[in-house]
Amino acid sequence: MTTLLCADPDEAVAGVRDGSTVLVGGFGMAGMPVALIDALIRQGATDLTVVSNNAGNGDTGLAALLAAGRVRKVVCSFPRQADSWVFDGLYRQGRVELELVPQGTLAERMRAAGAGIGAFYCPTGAGTPLAEGKETREIDGRSHVLEYPLRGDVALIGAYRADRMGNLVYRKTARNFGPVMATAATTVVAQVREVVDVGALDPEAVVTPGLYVDRVVEVGS
Amino acid sequence: MTTLLCADPDEAVAGVRDGSTVLVGGFGMAGMPVALIDALIRQGATDLTVVSNNAGNGDTGLAALLAAGRVRKVVCSFPRQADSWVFDGLYRQGRVELELVPQGTLAERMRAAGAGIGAFYCPTGAGTPLAEGKETREIDGRSHVLEYPLRGDVALIGAYRADRMGNLVYRKTARNFGPVMATAATTVVAQVREVVDVGALDPEAVVTPGLYVDRVVEVGS
Amino acid sequence: MSTHALVAGVLAGPADLDAVPMTAPGPLDKHAMAALVARDIPAGSFVNLGIGQPTLVAEHLPADSGVVLHTENGMLNMGPAAVGDEVDPDLTNAGKIPVTELPGAAYFHHADSFAMMRGGHLDVCVLGAFQVSARGDLANWHTGAPDAIPAVGGAMDLATGARQVFVMMTLFAKDGTSKLVPACTYPLTGLACVSRLYTDHAVFDLGPDGAVLRETFGCSARALVERLGRG
Amino acid sequence: MSTHALVAGVLAGPADLDAVPMTAPGPLDKHAMAALVARDIPAGSFVNLGIGQPTLVAEHLPADSGVVLHTENGMLNMGPAAVGDEVDPDLTNAGKIPVTELPGAAYFHHADSFAMMRGGHLDVCVLGAFQVSARGDLANWHTGAPDAIPAVGGAMDLATGARQVFVMMTLFAKDGTSKLVPACTYPLTGLACVSRLYTDHAVFDLGPDGAVLRETFGCSARALVERLGRG
């Protein structure tokens with residue numbers, strides 16, 4: 001349905017419910033939708049499952065959401081970083097659950113959710129502790145792990161430009177998880193540096209078609 | 001390895017072996033690598049399995065390859081067209097095998113081959129004759145068919161521009177199967193309208209990175 | 001349900017047939033059917049129109065509908081058929097007909113296009129059919145005749161993936177038999193996937209309980225059900 | 001095989017140890033190790049360099065090598081680290097370090113980037129390790145210590161997907177035990193995936209039959225095997 005242009009980040013995250021699974025874009029701070037996460041903290045939804053590559057950096061963005069006690073579980077590939085002290089503390093106190101997923105499998109499970117794939121056999125992690133308890137199958141002489149789609153109720157992503165139909169382009173490696181998460185959630189919210197008129201983006205270079213994007217908010221650079 | 005710029009289509013298709021599986025891009029004539037197919041006819045490889053959305057139009061391109069008797073089997077989604085008389089005749093005479101695959105499953109099976117996915121559960125075709133003999137599984141209350149990767153020995157695709165590193169961009173709906181097939185074959189050959197210098201393509205808009213492309217030949221428009 | 005007629009297995013059911021409105025004086029032609037389908041597509045929908053008659057629906061969408069057309073060969077925001085100088089061999093619809101591009105268009109490759117379809121991101125698709133069953137099974141890719149060359153294209157992907165599948169077709173085959181059937185005899189495209197059937201004689205909602213008559217054209221619901229019963 | 005030493009289960013084997021050349025007078029530092037790895041990367045390869053020490057390999061690739069660097073956060077043709085005005089928060093490597101873009105670069109999203117990796121399209125990746133087994137098992141993501149926070153990132157994807165996996169690490173841990181082991185005791189990243197191991201004391205080829213010593217630095221092969229036997 002038609003993409004909604006929101007006046008501010010608070011309007012963009014309105015209605016997120018307690019217990020939601022929230023996909024949060026970004027790789028480190030590149031592509032991290034900080035304004036949307038700040039708005040989500042104000043909005044108040046709690047008991048969240050957050051899916052993101054990392055588990056927060058420093059004290060802002062995802063780290064602030066964790067510090068506010070809103071996150072029940074983190075699904076990510078790389079929680080341990082030099083500046084991930086908020087997550088570290090909560091995890092060691094047993095106040096947040098962790099599901100660790102190899103980075104490519106994390107991306108592919110969200111892609112499967114967006115692409116209507118019921119499950120897929122993936123060689124990554126076969127024979128390692130991250131495959132424990134999972135169904136496996138030998139295909140072409142190689143062990144594969146059966147992986148299931150990972151869906152969000154909401155996706156919060158950061159992009160570079162949107163047109164008024166919600167078509168998105170990203171900038172350099174800030175693209176990372178945004179285009180995948182945009183396909184995998186019921187409600188997709190994008191913060192962008194700039195909203196441009198319809199027709200201003202090159203149709204050959206649109207990365208996320210507006211079809212995937214429910215709400216857009218311009219936050220400047 | 002480094003992309004080879006070929007002097008002509010004959011150099012570009014050199015070495016294709018009898019019995020190869022050849023992925024042929026294009027949807028109808030849009031994106032169809034006619035110059036490469038003509039060169040493949042001259043090159044002489046036979047007993048080929050051709051994977052392409054259609055089974056040839058008119059008397060040129062794929063239809064000419066079929067007419068030359070080089071194709072043992074066609075894997076496609078839509079062989080029956082107003083101008084597919086060459087295929088129609090061969091099929092009715094039992095001189096070519098047909099494996100019919102839903103269009104999206106055809107694309108997804110090649111994507112799986114390129115993406116290192118061992119197999120995937122796909123809802124398309126469940127309960128229809130095209131799923132007969134295939135393993136199925138109920139996931140989330142819905143029947144899914146287990147589909148396996150579809151790999152090529154060679155891919156022949158048509159693109160718009162290449163730079164000298166083999167990065168490709170396409171034009172409008174001629175993009176179709178090219179980017180997927182480029183990931184799924186051992187040797188990937190692209191005919192392009194124009195070869196440009198490295199740096200002339202926008203890195204944000206490259207569709208097929210040169211990593212996937214083994215040989216490029218400029219054929220003009 | 002209360003004011004409409006339920007046609008279980010097409011042919012019979014606890015009917016309130018007299019409550020079904022006849023909304024046109026005669027059977028509809030394909031343009032009138034396309035206009036009806038267009039009327040029922042919500043504003044702002046993302047829609048795929050199958051090749052053949054469903055393509056006509058585009059001509060009946062109001063200019064301000066905000067409906068965005070998808071073509072499975074890799075484009076959103078497809079415009080009308082190209083004419084004259086607009087014709088570009090690199091820009092066609094799924095039927096290989098030259099088309100145009102509207103502002104806000106986006107191009108993508110086949111794996112992405114069918115991920116979009118299979119992933120449930122299209123609101124509506126409109127397809128033609130050989131047969132549709134009262135519970136919404138669809139047969140539209142293969143007659144099953146021994147000498148027929150089967151071709152499926154994106155039909156199964158659309159039937160499986162779109163949130164709502166509308167079918168438009170003539171209700172009766174040339175030999176007078178109904179194409180709305182208790183169970184398809186032609187090879188299936190998808191199971192329980194069609195939610196609404198637009199025909200020249202009537203519109204039906206389809207579902208697990210059977211076909212529900214919504215409106216008829218040029219005949220009463222009672223007369224139509226009788227004819228279906230004979231078909 | 002004939003002129004090199006096979007170190008089955010690391011420790012012993014039908015050895016022609018005296019034929020293994022000592023090619024440096026002392027143990028290598030990380031820069032010299034990186035130079036060695038760079039020497040063995042074929043011209044024109046597509047290469048992913050893991051975070052930490054493997055990143056140094058880039059500095060030792062000849063300017064005309066045609067090697068293209070991949071970073072799994074979504075880029076090909078990555079350039080050197082950004083300095084001064086070049087720093088752009090939207091352009092980092094997998095270690096979140098600001099980097100630059102070379103002509104001919106391409107950006108893509110994570111699903112595409114890891115499809116590229118898992119699909120076998122990278123010629124070489126270079127990783128660090130906690131432990132490597134003689135048959136090429138890799139442990140580099142988790143010490144398994146009860147209070148450690150596990151983090152895997154793209155390590156398993158690279159170990160599984162790259163055509164050749166090179167590891168560079170010190171051969172001995174701080175406590176003097178060998179990190180080249182008969183079987184890994186740390187949690188595994190991948191099985192039988194490492195084909196070559198570059199260390200400060202020696203280079204080994206790894207495979208189903210065990211570790212083959214190729215060259216040593218600062219000690220004879222015989223002395224090294226003896227030390228490994230004690231480790």
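A note on names: the letters A, B, ... follow the listed sequences, proteins ahead of strands, and every chain is numbered from 1. Computed over heavy atoms, backbone and side chain alike; hydrogens, waters and symmetry mates excluded.
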Heavy-atom pairs under 4.5 Å with chain C are the metric here; pick the option from [options] that has the most.
options	value
Ser143(B), Ala55(B), Gly31(B), Ala174(B)	Ala174(B)
Ala30(B), Ser84(B), Pro123(B)	Pro123(B)
Asn53(B), Leu106(B), Val207(B), Leu100(B)	Leu100(B)

Please look at Cys76(B) and chain C and tell me whether the side chain, the backbone, both or neither of the residue comes under 4.5 angstrom of a heavy atom of that chain.
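Answer is neither: Cys76(B) stays 4.5 Å or more from chain C.
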Heavy-atom distances under 4.5 Å only: say whether Ala126(B) touches chain C with side chain, backbone, both or neither.
backbone
Choice from [options] maximising heavy atom contacts with chain B below 4.5 Å:
options	answer
Ala115(C), Ala159(C), Ala94(C)	Ala94(C)
Gly74(C), Gly154(C), Gly144(C)	Gly154(C)
Leu158(C), Leu91(C), Leu191(C), Thr71(C)	Leu91(C)
His142(C), Met117(C), His109(C)	His109(C)
Asn73(C), Val99(C), Asp112(C), Asp137(C)	Asn73(C)
Ala155(C), Ala111(C), Pro187(C), Gly153(C)	Gly153(C)

Within the distance-only criterion (no hydrogens, no angle test), does the side chain of Asp157(C) pair as donor or acceptor with the backbone N or O of Gly104(B) below 3.5 angstrom?
yes
Exam field: side chain Arg92(B) to backbone Asp147(C), donor-acceptor pair closer than 3.5 Å
yes
Close side-chain approach of [X] and [Y], heavy atoms under 4.5 Å:
X	Y	result
Thr128(B)	Thr189(C)	no
Met29(B)	Thr92(C)	no
Asn176(B)	Phe108(C)	no
Phe114(C)	Gln103(B)	yes
Ile149(C)	Phe87(B)	yes
Trp141(C)	Pro129(B)	yes
Phe78(B)	Val152(C)	no

Give the C-alpha distance, both sets of side-chain angles, the deciding distance and a yes or no for side-chain contact (heavy atoms from CB on, under 4.5 Å) between Met75(C) and Lys172(B).
CA-CA 8 Å; Met75(C) 181 187 193; Lys172(B) 303 188 185 281; over 6 Å; no
What about the rings of His110(C) and Phe27(B), do their centers lie closer together than 6.0 Å?
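Aromatic pair counts; centres sit under 6.0 Å.
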Residue pair Lys96(C) / Asn57(B), side-chain donor-acceptor N/O under 3.5 Å:
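The answer is no; no qualifying pair exists.
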Can you give me the closest heavy-atom contact between Gly125(B) and Met156(C), atom names plus distance?
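Heavy atoms of Gly125(B) and Met156(C) come nearest at CA-SD, 3.7 Å.
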Can you see which heavy atom on Arg142(B) is nearest to which on Thr160(C), and at what distance?
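What the structure gives for the nearest pair is NH2-O, 2.6 Å.
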Against chain B, label [X] side chain, backbone, both or neither, depending on which of its atoms sit under 4.5 Å from a heavy atom there.
X	result
Pro150(C)	both
Asn93(C)	backbone
Ser113(C)	neither

Looking at Asp140(B), I'd like to know if its CG atom is crowded, meaning that more than 12 non-hydrogen atoms belonging to other residues, nucleotides or ligands lie closer than 6.0 Å.
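Counting other residues, nucleotides and ligands, CG of Asp140(B) stays at 12 neighbours or fewer.
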Counting only heavy atoms from other residues, nucleotides and ligands, does the tally under 6.0 Å from CG of Asp85(C) exceed 12?
no
Ion pair present between Asp90(C) and Arg175(B), side-chain N to carboxylate O less than 4.0 angstrom?
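Judged by the 4.0 Å cut-off on N to carboxylate O distance, Asp90(C) and Arg175(B) do not form a salt bridge.
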